[in-house]
Each structure stands twice: as structure tokens, then as C-alpha cells.
Asker: 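If you scroll down you'll find the structure; I have some questions about it.
Keep in mind it's a predicted model, so treat the numbers as computed, not measured.
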Amino acid sequence: RGLGLVLARELAAHGASLGLMARDALELARARRTIDSESLVQLLPADVTDAAQVEQAFSTMIRRFGRIDVVINNAGQILSAPFDDTTPEDFKAMLDVHFWGTLNVSRAALPHLARHGEGRIVNICSIGSRVPIPHLSAYCASKYAQAGLSAVMAEELRTKGIRVTTVLPGLMRTGSHLQA
């Protein structure tokens, strides 16, 4: 849903084959119905916080498409609470999705991208990785970590022909504000 679905629709409109990953298989099926029916789309029910599930999803994609050219790390969630009320578990939950999810997906993609000596990883971070936003301490901290990881990946993976792009969007009405 949200930005990920908009990106998927736009890529499909330009002829891309897509692997869509999300925890909820029903949500994936709903998303698939909104994408151009002529596009090749592989639905990948997996949780980005679970490295084994991510590895399995990439194996499925490689069997279907033969290669991967671009990976977009867009999994996210938001938690709004004053710092005093934000628990260590809240910080862990945000880091699990934003930092560890990005790491798990990127590491699973790396051998497939490196095999061809080219590729791109796009990490959708947030303006919250640069601007401290009150009542979003866990979210911002996890986005700072994600953006830092993305910057280091960009430097190190360049030698393998893999470009890493860090995107810092501002506020978007993707539905996450309703869950916050």
C-alpha cells in the first residue's frame, strides 16, 4: 500500500517485472489486482525482519525471473508517542523493520545484483532521518540508522557496480498516520 504500491504501478506501467513482498498475503493479492494485468508479478509473502523468509522470497524471485536488477526497500511503520512513553520494545520494533529489514533485504539481494556487476538498491528512508520530529523518537532513531546504513552501502557497494540511492521523502498520506 502507499508509496510502495504507487512505485509498483509506475514500474509496471514501464514494463518492469515485479516481486512484491509484504507480511500480509491478502494485502499482496489486493495490491496485485491494482497493477497492470500484463506485468509479470510475483507475490512474496514474507516479513523483512526475518532473514530466512527474505532469503526464501529472493529464491522464489530468481526462479521466476532469472535475475534482479533493482531492489526498493520500502517496508515501514510509524509509532507516535512522547519520548517518555516510548518503550525499549517500541524502539526495537522500529529498528527491526527500518534497519534490520533494509539490511536483510539488501544482503539477500547482493549476490544476485553482484553476479551481473550492476544493479541498484533504493532505500526509502524519511526526512525523519535528518530532522528530529517530536513524538516520533523511535521512528526517527530507526530512520537515522537506516539512512546511515544506506550511506555506507553506497560507498562500499560502488566497487561491485551496485548503486545505492537513499530517498528522504517528507510527510505522505499513505495510511500510516492512521495506524500511528
Asker: Sort out for me which residue in Asn73, Thr166, Leu149 forms a side chain to side chain contact (heavy atoms under 4.5 Å, CB included) with Cys125.
Answerer: Thr166
Asker: Could you work out, with side chain to side chain donor-acceptor pair (under 3.5 Å) as the rule, every residue matching Arg120, not counting sequence neighbours?
Answerer: Thr165
Asker: Suppose the criterion is salt bridge (charged side-chain N to carboxylate O under 4.0 Å, His left out): which pairs have a residue in residues 131-157, not counting sequence neighbours?
Answerer: Glu155-Arg158
Asker: Supply the atom-to-atom distance Leu95 CG to Ser142 OG, rounded to the nearest 0.5 angstrom.
Answerer: 5.5 Å
Asker: Taking a hydrophobic cluster as the set of Ile, Leu, Val, Met, Phe, Trp and Tyr residues connected by side-chain heavy atoms closer than 4.5 Å, whether directly or through intermediates, do Leu113 and Val167 fall within one such cluster?
Answerer: no
Asker: State plainly whether the residues Asp69 and Arg67 are in salt-bridge range, i.e. N to O under 4.0 Å.
Answerer: yes
Asker: Find out if a path of hydrophobic residues (ILVMFWY) with successive side-chain heavy-atom gaps under 4.5 Å connects Leu5 to Leu11.
Answerer: yes
Asker: Linking I/L/V/M/F/W/Y whenever any side-chain heavy atoms sit under 4.5 Å apart, do Ile124 and Ile121 land together?
Answerer: no
Asker: Are Leu20 and Ile35 close enough that some pair of their side-chain heavy atoms sits under 4.5 Å apart?
Answerer: yes
Asker: Take the angle between the ring planes of Phe91 and Phe83 and call it parallel below 30°, perpendicular above 60°, tilted in between.
Answerer: perpendicular
Asker: Atom CG of Asn104 and atom CG of Asp96: how far apart are they, to the nearest 0.5 Å?
Answerer: 9.0 Å
Asker: For the residue pair Tyr139 / Ser126, report whether a side-chain donor-acceptor contact shorter than 3.5 Å exists.
Answerer: yes
